[in-house]
Amino acid sequence: QRNPVGAYGILKGGAWKYVGFLGVAAGFIILSFYSVVAGWAIAYIFKSVSGLLATSDPAALGALFKNFTADPWEPILYHGIFMALTVAVIIGGVNGGIERTSKILMPLLFLLLVVLAVRSLTLPGAVAGLKFYLAPDFSKVTGATLNGALSQAFFSLSLGMGALMTYGSYLSRSVNLIKTTMLITLCDTAVAFLAGLVILPAVFAFSFDPSAGPGLVFITLPAVFAKMPLGIVFAVLFFVLLSIAALTSSVSLLEVVVAYFVDERGWQRRRAATIDGG
């Protein structure tokens, strides 16, 4: 029932607390770049509404994305907005901030995923994407594939970065940790599976490259939405969904750092959240 540093610090030997410091540092470092990309997602909500993404030309969308990320001020502005939201949730505390926000955002996230998945699956030509997604080709499974899957699982479940230990410290002793862990894993996998149903059938329906990397989200998918009826609506929904998913993750990352300063340094939560998030 402590933050990672405090929890490891009570183990015999004296040096275990440094393992806890690694967890706190990992959360802080990951958040430092994760929040930048999350800021892009918020920016693209506004770009979708304004009609800037209303083109199916990947070259034009690529130029828009390149100019946006190269701008010296615009990405910083949206990064600041995203971090302000994260800090606001953390300041609210475990019950008033994190738990209350999650009870609203997580069902909304799931609802948006279902709506977008249904739209994607009903597009002409979506079956090809569904086959690509669900029909296994075991000839392409290598050690690198396994390593990639494990890396995704570690990142998606926030393993090794102190988040589960920090959240676990707030649980009642009556909570069954094994059942809770299984539920978290199943829900995480279900959401990831739904995300695949949102993206791949739509990408194949309009003959785009499914291996476009980060450009898939900010270049390929806007082009896909531009070809859909009511494409602007679905583009806005998608980037709202992406921002919500990012916010719930950033809260868990920042909470690890804040919990350390509150528990071990005696800081007030507001001070810790503002300084660490800033």
Side-chain angles (χ1 to χ4, degrees), residues 25-91 97 101 105 108-109 112-113 116 151-152 155-156 158 161 163 195 198-199 202-203 208-209 211-226 231-258 272-278:
F28 185 81
I29 293 169
I30 291 171
L31 181 60
S32 68
F33 71 82
Y34 188 88
S35 55
V36 174
V37 179
W40 297 353
I42 291 179
Y44 266 61
I45 295 174
F46 294 100
K47 292 182 186 299
S48 300
V49 172
S50 67
L52 287 174
L53 305 183
T55 174
S56 59
D57 181 6
L61 290 167
L64 176 70
F65 179 64
K66 181 178 180 180
N67 291 335
F68 165 67
T69 54
D71 189 282
W73 297 111
E74 195 177 5
I76 294 176
L77 169 65
Y78 288 106
H79 174 253
I81 292 172
F82 180 80
M83 284 307 303
L85 292 171
T86 303
V87 169
V89 173
I90 293 294
I91 287 176
T101 304
L105 293 184
L108 180 59
L109 171 66
L112 289 175
L113 272 173
L116 288 169
S151 299
Q152 167 62 20
F155 189 85
S156 183
S158 299
M161 58 185 81
V198 170
I199 295 172
V203 168
F208 284 100
D209 181 8
S211 60
L216 184 67
V217 172
F218 296 102
I219 299 173
T220 305
L221 283 178
V224 169
F225 292 132
I232 291 179
V233 174
F234 288 105
V236 171
L237 286 176
F238 175 79
F239 287 110
V240 167
L241 182 155
L242 194 62
S243 299
I244 290 173
L247 180 61
T248 56
S249 297
S250 68
V251 165
S252 66
L253 292 170
L254 183 57
E255 178 63 19
V256 175
V257 186
V258 169
T274 303
I275 293 177
D276 298 335

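When a residue number appears, it is its place in the shown sequence, counting from 1.
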Practice task
Give a yes or no on whether the backbone of Ala63 and the side-chain of Asn67 come within a donor-acceptor separation of less than 3.5 Å.
Solution key: yes

Handout entry: Over 12 foreign heavy atoms within 6.0 Å of CZ, Phe28
Key = no

Problem - Any side-chain heavy-atom pair of Leu237 and Leu241 under 4.5 Å - result: no

Handout entry: Heavy-atom closest pair, residues Ala273 and Val258
Key = CA-CG2, 3.7 Å

Atom pairs and distances, side-chain donor-acceptor, residues 54-62, under 3.5 Å, sequence neighbours left out:
unit_1	atom_1	unit_2	atom_2	d
Thr55	OG1	Asp57	N	3.2
Asp57	OD1	Ala59	N	3.1

Problem - Val203 side chain reached by Leu221 side chain, heavy atoms, under 4.5 Å - result: yes

Handout entry: Intermediate values then yes/no, side chain to side chain contact (heavy atoms under 4.5 Å, CB included), Phe238 and Val217
Key = CA-CA 10 Å; Phe238 175 79; Val217 172; 4.0 Å; yes

Completion exercise
When every non-hydrogen atom of Ile45 is compared with those of Ser243, the smallest separation belongs to CD1-OG, 3.5 Å

Exercise for the section: May I ask you to decide if the ring planes of Phe68 and Trp40 are parallel, tilted or perpendicular, using 30° and 60° as cut-offs? Expected result: perpendicular

Problem - Set of residues satisfying side-chain contact (heavy atoms from CB on, under 4.5 Å) with respect to Ala26, sequence neighbours excluded - result: Met161

Handout entry: Euclidean distance, Phe218 CZ relative to Lys47 NZ, rounded to 0.5 Å
Key = 11.0 Å

Fill in the blank from the handout: dist Ile219:CD1 -> Leu216:CG (nearest 0.5 Å) comes out at 9.5 Å

Practice task
With rounding to the nearest 0.5 Å, note down the distance linking CD1 in Ile199 to OG1 in Thr220.
Solution key: 10.5 Å

Problem - Evaluation steps, side chain to side chain contact (heavy atoms under 4.5 Å, CB included), between Asp276 and Ile90 - result: CA-CA 11 Å; Asp276 298 335; Ile90 293 294; over 6 Å; no

Below 3.5 Å, can you tabulate the donor-acceptor pairs from side chains in residues 75-88 to any protein atom, sequence neighbours excluded?
unit_1	atom_1	unit_2	atom_2	d
His79	NE2	Ser35	OG	2.9
Thr86	OG1	Phe82	O	3.1
Thr86	OG1	Ser250	OG	2.9

Handout entry: Non-hydrogen side-chain atoms of Val224 and Phe208 separated by less than 4.5 Å
Key = yes

Practice task
Hey, can you tell me if Phe239 and Tyr44 have their rings parallel, tilted or perpendicular (30° and 60° cut-offs)?
Solution key: tilted

Practice task
Mind checking the CG-CD1 spacing from Leu247 to Ile42? Nearest 0.5 Å is all I need.
Solution key: 7.5 Å

Handout entry: Euclidean distance, Ile244 CD1 relative to Leu108 CG, rounded to 0.5 Å
Key = 4.0 Å

Exercise for the section: List the steps and the verdict of side chain to side chain contact (heavy atoms under 4.5 Å, CB included) for Ile232 and Val49. Expected result: CA-CA 7 Å; Ile232 291 179; Val49 172; 5.9 Å; no

